[in-house]
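Predicted model, so just to flag it, every value in this text is computed and none were measured.
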Amino acid sequence: MSSLPDIFATVVQGLGVTLQVLVLSIICASIIAFVAGLSRVNTNPLLRGFTGFYVEIFRGTSLIVQLFWFSYALPGLFNIHLGSDIWVAVLAISLNYGAYMSEIVRGSIQAVAVGQTEASVALNLSKFQRMRHIILPQALRMMLPEYGNYLIQILKATSLVSLIGLTDLLYYGNIYRSTHLAESPTVYVLLLVMYFVIALPLIAFTRKMESVSKKGVAS
């Protein structure tokens, strides 16, 4: 029977892929969320409608289905190839969580007190200036706690990428387990610990964001 160091040596081979998908997904999902959230409060009905359609599609369907769709259905049905499997995974996770996070952006912007907007209009500020100087600084502070929580959710989502063949932590864990069935509990306990260790900085970041948000928002 192999020792714990042997299991760790096998599983850790997938750490780089897990971290790569995590970092790229966080960056892309954040950009998508911000753009989609701002579009949802735009006065242009076509832009609002298109963004709303995107949000409902990706919130209303399973991330696993989206991964399979981008990885297998698009190439098979339409001969559309999105690049490497890593970028397929990043795109699916980013679009999925970007849709959820865009609602945080939209809700936070709309939660800013109407009086703030009225005051900025009285000061003769343009729409861009109102958004940049008055609304966004307050909305961003309200977004922070939920934003931090979604970063942890994105980490959990990275465990699904092995389903499309990416050699992440779970992939190597399953490879080892398939040839050492008696050690399956040890493999999954080790995976649990490794994901938790990766999550620790995100948990610390979330708590920091919560403390920052408690400093108060102008009303």
Please find the pair of heavy atoms, one from [X] and one from [Y], that lie closest to each other, and give the distance.
X	Y	result
Gly83	Val88	O-CG2, 4.3 Å
Cys28	Val90	SG-CG1, 4.0 Å
Arg48	Thr43	NH1-O, 3.1 Å
Pro145	Thr206	O-CG2, 4.0 Å
Val105	Leu38	CG1-N, 4.2 Å
Val161	Ala89	CG1-CB, 3.6 Å

Open item on the list: Tell me if a side-chain donor or acceptor on Ser94 pairs with a main-chain N or O of Leu91 at a distance below 3.5 Å.
Closed with: no

Does any non-hydrogen side-chain atom of [Y] lie less than 4.5 Å from one of [X]?
X	Y	value
Leu136	Gln138	no
Glu183	Tyr176	yes
Trp87	Leu82	no

Suppose we screen for side-chain hydrogen bond (donor to acceptor under 3.5 Å, both in side chains). Which residues come up paired with [X], at least two apart in sequence or across chains?
X	value
Asp168	none
Gln20	none
Asn44	none

Once you round to the nearest 0.5 Å, how far does [atom1] of [X] lie from [atom2] of [Y]?
X	Y	atom1	atom2	value
Thr18	Leu166	OG1	CG	9.0 Å
Thr10	Tyr171	OG1	OH	12.0 Å
Arg106	Met143	CZ	CE	11.5 Å
Ile152	Leu22	CD1	CG	11.0 Å
Glu103	Glu146	CD	CD	12.0 Å
Gln153	Asn96	CD	CG	10.5 Å

Taking a hydrophobic cluster as the set of Ile, Leu, Val, Met, Phe, Trp and Tyr residues connected by side-chain heavy atoms closer than 4.5 Å, whether directly or through intermediates, do [X] and [Y] fall within one such cluster?
X	Y	answer
Leu140	Val35	no
Val23	Ile154	no
Val197	Leu170	no
Leu47	Ile31	no
Leu169	Tyr172	no

TODO: With side-chain contact (heavy atoms from CB on, under 4.5 Å) as the test, would you mind laying out the steps for Leu95 and Phe70 before giving the verdict?
DONE: CA-CA 11 Å; Leu95 287 172; Phe70 288 134; 3.8 Å; yes

Task: Arg132 CZ: over 12 foreign heavy atoms closer than 6.0 Å - done: no

Open item on the list: Heavy-atom count check: over 12 atoms from other residues, nucleotides or ligands less than 6.0 Å from Arg59 CZ?
Closed with: yes

Task: From CA spacing to verdict: side-chain contact (heavy atoms from CB on, under 4.5 Å), Tyr150, Ile104 - done: CA-CA 10 Å; Tyr150 271 107; Ile104 301 174; 3.3 Å; yes

Open item on the list: Taking ring-ring contact (aromatic ring centres under 6.0 Å, His included) as the definition, give me every residue that meets it alongside Phe68, ordered by chain and number, with sequence neighbours left out.
Closed with: Tyr72

How about [X] and [Y]: does a side-chain donor come under 3.5 Å of a side-chain acceptor?
X	Y	value
Asp6	Ser3	yes
Thr61	Gln66	yes
Ser30	Tyr147	yes

Task: Pairs touching residues 30-63 that satisfy ring-ring contact (aromatic ring centres under 6.0 Å, His included), sequence neighbours left out - done: Tyr54-Phe58

Show which side-chain atoms of residues 185-195 pair as donor or acceptor with protein atoms under 3.5 Å away, not counting sequence neighbours.
from   : atom 1 : to     : atom 2 : distance (Å)
Tyr188 : OH     : Asn174 : OD1    : 2.6
Tyr188 : OH     : Arg177 : NE     : 2.9

